[in-house]
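Written below as structure tokens is the structure these notes are about.
Within every chain, numbering begins at 1; the chains are lettered A, B, ... in the order of the sequence lines, protein sequences first and strands thereafter. In what follows, every heavy atom counts, from backbone to side chain, and hydrogens, waters and symmetry copies are set aside.
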Amino acid sequence: MRIKVAYCILTSCTGCKISFLDMHEKILDVLEKIDIVYSQMIQDHREVPECDLIFVEGSISTDEDYKEALELRKKAKYLVAVGACACFGGIPAMRNFYSTDEILDSTYSQKKGRYTGPNELLPKVKSLSSVIDVDFEIPGCPPLPENFIEVIDNYPNFDNIKLPTKTLCVECDLKKEKLLSPIREFTSLKINDPYEVDDTDMCFLERGVLCMGIATRSGCGGRCVGMQVPCRGCFGPPPQEGSEDQGAGMISAVASILPTGRLIAKEDILGLVYRYSLSMITNLQIKRTNEGGNKDE
Amino acid sequence: MTEEKYGIFICKCRGEVSNYIPVEEIENKFKSNEHIKFTYVSESLCDAVERQKINSILEKNNPNGIVLAGCSPRYYQEYFREVASKNNINAGKVGFANIREQIAWVHKKESKEYLQTKAELAIDVSLNSLENTDNFVATRLEIIDDVTIIGGGVGGIQTALSISRARTNTRIHVIEKKSFIGGEQLKYSKAFPRDECSACAIAPLISELSINPNIIIHDKTEVIDSVGRVGDYRLTTRKMPRYVTKDCISCGKCSDVCIKTVLSTDGTELHKAIYLPFKGSIPFYYNIDEISIDFCKDECDKPCIDVCPANAIDLEMEVQEEIINSGIVVLATGARVHQPEQDDNIFGYGECKDVLTLHQFEKLLAVNSRWKGDIRLFSDENKQPESIAFILCVERSTLGYCSKYCCSSSAAAIRQSVEKLPNTKIYVFYQDQYSDSKFADDYIKQTKKLPNVQWIRATPRTFSNGNGINVHVPVSGGILELKIDMLVLATGLQPHENTPLLRHIFGLDASKDGFFSEFDLLFSPVSTNDIGKFVIGTASGPKTIPETTISAYAAGSKIVNILNKMTLEIPISITHVKEELCSACGICVKTCTYHANTVNLEKGVAEVDITRCRGCGNCVTACPAKARDLIEFSDKAINGAIDLLGKSPLNSRNEDPNMLAFLCNGCGYSTADNVGLSGAGMTYSPNLSIIRVPCSGRVDARQMLHALSYFDGVMIGGCKLHSCQYSVGNFDAQKRVFLLQGALEAANINPNRLKMEYYSPTETEIFCDSIDEFEKELKEEFK
Ligand code: SF4
Ligand code: SF4
Ligand code: SF4
Ligand code: SF4
Ligand code: SF4
């Protein structure tokens, strides 16, 4: 029996699906194992049927997303969250730092209040996995095609899939020197934008470029850093309890190794450290609660 | 809570607690808790009779852990932990609830219900931290009974002697870069304060050193690498060849026949290629310097080899590397006399030959100098100066500190100049005068009465042409013009040129002037960030000879203390690195000021040297993977405290802002304690909750956000900058707060909801004011 698979998209860029389709000839093996019963762009089915496995890409940004997520959960025997948006909010969740009015104004109209789209924006974007139970999470923006294959190969024993637990530096080939020397001095006297430094084989942090690799779970194989582009954190926070807030982890780490006074002036700090994952900061906009923590109302 | 059963002691403190807090009601509440094995209310826990009682209660009930609710843990923490250990309770399972200083005494005016709830909360927080604290363990290290002292100057010698006198079997290595020990000053002929020859003054020390078979002098040797930890260091040394073996009997025949004369780079010494640095220098055999050896090998018929009766000359001698193991390392590497840059044209130094530094001049006065102690002009060695001007405090403002030695050293030089050249006019230009002792003051004053010596308080300007030096002195009413033959510049002390390299080799920190930095200038002036390494003498900054001696003795006694124990008990404050999480990113390596972390490249994970870790928690905060934790003050203990305090009903009891302060054990927490202790009726907002942390550097941005999710305002209270008991924790905390404030601001949240404050424990009013201020700002924000 082939596995009946659906691929559904909430608020996202559909990049993950491109990655899903990016298996090259391996897709032939995969198609031996699965029947795709629903997937926009590659098929013309209007309704998601009940099925064995649903891949869900995207974050919960609108009321529609929310409803659909609940629906999908009911239809799926197993449901896998796909990509940074579904796992930790992703790019859409960056809007959480602003109010919905600000977002609508800046996105849809020069003249205020012109947005008449079909869906209501929720006040805060959430990750899929914070709204419904998911059986597995494939991180990444976008994920690697191999991750999909792994999920299909191991269906339904997803526990057998072991995502790496270390941070990205372990997959990065760039070298460290100063970071391995205990002398208390900055690894660079200046914070630099990536375009300001030469391509070398030294760790970005030693070139004064903020690389999120230290606060990001490995698994991508270091595809950005390998191309002389600093990591922006798309595989999300490290797995250890207490390190969920990727940005605050990054802040705690860089304070002792770089002249961070200048960082604020130079960088869009939120966009840098919270590009792909939710921030505890967004909870603070709600005043005085006795709940605390990562609330889900 | 797990199955563990705890005991709670509540102390009435002879009414100091019970007059305000209903202790019996608290006791009743906890009594009914299934995890509490017993409760005990005491009139006064620190009372001798009660102490006995504690023992018997513990013996009878045998709890897994205990909480002592009473005074601040600052007072009896160690004592109660000791008592508990004797009763088989690990020190990690002894918690404290500070209900006296931080509740009863400061919030007297609040309602009984408030005080009761607050005290119960404090006990809950303490119970929670017991749950989340692993047993404390300590480790014992063997100490190798060898000491290596780097630098064979006065300080190094004194350290070696003070250790050798107390411990006759300890082997002591003295590593000296030069070909003789005793330091450059040994070459001075008459020195402050006794006007005796330096070599004679120090001779008894050197002879004591050289006859001790357990003191090994490594001349012409440098340390090129160091690995290991306290008790077991492995130093790699490199010894330059002397080209004369130990068979040398110091007859001097080689020197007599040697055809090559060498002038030292500073122009003060003239000697043969093969020579003895000075009479009686130790080691007492001849030496050829590296600058001469090419000549010796290639351009000379080597008459020295033929005449040497001991067959001691070996021009083929090679550089030798040696490994020295030792338990303790002392850096006694000294300083160097500042030499003005030629380009800076400081009083014509470097341009005009007759402008010397004081150091050069003193060497010139010595009998083994170029002119056998005669003072002559460098520009014309047949002439003696008819006038000499000394300028003190040269470039002092550039260096930024007083070098302490120059005034008295100049005075010694002046006295000798007068003796040698009674008709020469001597001017001394000075700004300030430093004398560290009753003796020095007199000594310097006496030179003012010498014939032909004139002290002038002014900074002159000098102009040299080929013909003497013109000195212009600003005096009231104009400029006094003098013509001077020779100018002596008393320049200060600077870090030794090897200091940066040695800092890297030994992983030690520098003060802002580049000297080795002391662990604590006031109370640990000879210790460093590594308990097995000491720094003495001018290696850590300018010192007079008595000060150097004192520092040598201080280090000596500390070292003897360690060696006497033979082993060292080191409490372990930090967990092992979780290898499945750590990617060897190196953040912790760079963060720890005690150099406790390294990356094991083979395994690809960081490792902590528990012998160096002092438990500040800065690396735990910095680790982005959360691959490490402290044992006391663990993440769970702190986060649990935030949750408990945040969820407390006290937080919704009124409309006033709620605040949480993370206060460091060193200063912040003590300051809060002292508010209560002061007895002046001082108080701060009852809506302030306090969490004790070892250091402000322990507070993670993740915890700050966690706290902000419950509290209107969160404050980190550390020590004053530069006073952090872990030296850099508050700097890093400040930067974390600063960055997180930036992030809050970017998200349109008032960044002032997060605050960093710096306290000194006596500043109780400042503490209260800062909380008031904070409360006011928050009221404004949440109107
Ligand atoms: S460049 Fe980034 S990912 Fe690579 S080692 Fe440095 S911090 Fe880690
Ligand atoms: S390097 Fe960083 S941003 Fe790039 S793919 Fe990997 S995790 Fe994502
Ligand atoms: S080899 Fe010649 S120059 Fe060298 S020490 Fe002997 S005599 Fe002097
Ligand atoms: S900071 Fe953490 S992840 Fe990085 S090397 Fe240290 S222990 Fe490992
Ligand atoms: S806890 Fe402090 S002393 Fe210990 S390793 Fe970490 S930073 Fe160093």
Side-chain angles (χ1 to χ4, degrees), chain A residues 97-98 165-171 176 178-185 187 203 205 213-215 218 238-257 260-261 263-264 268-270 273-274 279-285 287-295, chain B residues 503-504 507 509 578 580-587 589-593 595-599 601 604 618 621-627 635 639 642-643 646-647 651-652 658 697 700-702 704-706 708-710 712 728 732-733 735-736 738-740 742-744 746-749 753 782:
Chain A
F97 295 114
Y98 307 90
T165 49
K166 296 190 181 215
T167 51
L168 183 70
C169 297
V170 78
E171 294 182 333
K176 302 193 195 234
K178 291 187 187 145
L179 275 162
L180 302 185
S181 139
I183 303 290
R184 280 272 314 187
E185 61 197 5
T187 56
C203 166
L205 296 175
I214 51 171
S218 56
Q240 177 71 358
E241 183 189 341
S243 60
E244 296 81 3
D245 198 290
Q246 216 176 351
M250 187 67 185
I251 285 174
S252 291
V254 293
S256 49
I257 63 153
T260 47
L263 195 152
I264 288 184
D268 157 20
I269 181 167
L270 292 173
V273 300
Y274 292 116
S279 164
M280 278 198 261
I281 290 181
T282 55
N283 297 343
L284 305 183
Q285 287 153 335
K287 204 214 128 189
R288 291 194 62 178
T289 63
N290 263 38
E291 301 302 313
N294 253 316
K295 285 180 303 283
Chain B
R503 284 209 300 110
H504 270 267
D509 291 325
K578 297 186 190 84
E580 71 281 12
L581 297 173
C582 169
S583 66
C585 71
I587 301 292
V589 177
K590 218 86 239 89
T591 300
C592 177
T593 187
H595 305 252
N597 296 308
T598 42
V599 159
L601 285 173
N618 203 3
T621 298
C623 175
K626 284 222 170 284
D635 264 325
N639 289 330
I642 298 172
D643 282 331
K647 288 185 178 139
N651 271 358
S652 43
N658 297 310
D700 188 331
R702 290 165 282 203
M704 298 178 202
L705 286 180
H706 182 187
L708 277 170
S709 70
Y710 294 113
D712 303 317
V728 295
D732 291 350
K735 285 168 71 195
R736 290 176 187 129
F738 189 41
L739 272 174
L740 191 56
L744 291 174
N748 235 334
I749 293 164
R753 287 181 59 191
F782 292 112

Q. Can you tell if the side chain of A:K176 reaches within under 4.5 Å of the side chain of B:V599, non-hydrogen atoms only?
A. no

Q) Can you find a pair of side-chain heavy atoms, one from A:L284 and one from B:R753, that are under 4.5 Å apart? A) yes

**Q.** Side chain to side chain, B:I587 and A:L179, heavy atoms closer than 4.5 Å
**A.** yes

Q. Counting only N and O atoms by type, is there a donor-acceptor contact under 3.5 Å from the side chain of A:R184 to the main-chain atoms of B:T591?
A. yes

Q. If you tally heavy-atom pairs under 4.5 Å against chain B, which of A:P182, A:S218, A:A215 wins?
A. A:P182

Q. Given that the side chain runs from C-beta out, which part of B:L601 has a heavy atom under 4.5 Å from chain A: side chain, backbone, both or neither?
A. side chain

Q.
Looking at A:S256, is its backbone amide N or carbonyl O close enough to the side chain of B:K590 to form a donor-acceptor pair, meaning the two atoms are under 3.5 Å apart?
A. no

Q.
For A:S252, is there any backbone N or O sitting under 3.5 Å from a side-chain donor or acceptor partner on B:R736?
A. yes

Q) Residues two or more places apart in sequence or in another chain: which of them pass salt bridge (charged side-chain N to carboxylate O under 4.0 Å, His left out) with A:K166? A) none

Q: Measure B:T598 against the heavy atoms of chain A and call it side chain, backbone, both or neither at under 4.5 Å.
A: neither

Q: With a 4.5 angstrom heavy-atom cut-off, could you sort out which part of B:D700 is near chain A: side chain, backbone, both or neither?
A: both

Q) Do B:L708 and A:M280 come within less than 4.5 Å of each other through their side chains, counting heavy atoms only? A) no

Q: Flag the one option from A:V170, A:V254, A:D245, A:L270 with the top tally of heavy-atom pairs under 4.5 Å to chain B.
A: A:L270

Q: Decide yes or no for B:K626 and A:E241: does some side-chain heavy atom of the first lie under 4.5 Å from some side-chain heavy atom of the second?
A: no

Q | Residue, of B:M704, B:K578, B:E580, B:R503, that accumulates the most heavy atom pairs under 4.5 Å with chain A | A | B:E580

Q: Answer yes or no: is there a side-chain heavy-atom contact under 4.5 Å between A:P238 and B:L581?
A: no

Q: With rounding to the nearest 0.5 Å, note down the distance linking CG in A:L168 to SG in B:C585.
A: 11.0 Å

Q.
Would you say that A:M250 contacts B:P624 through its side chain, given a criterion of any heavy-atom pair below 4.5 Å between the two side chains?
A. no

**Q.** Under 4.5 Å from a heavy atom of chain A, the part of B:A584 involved
**A.** backbone

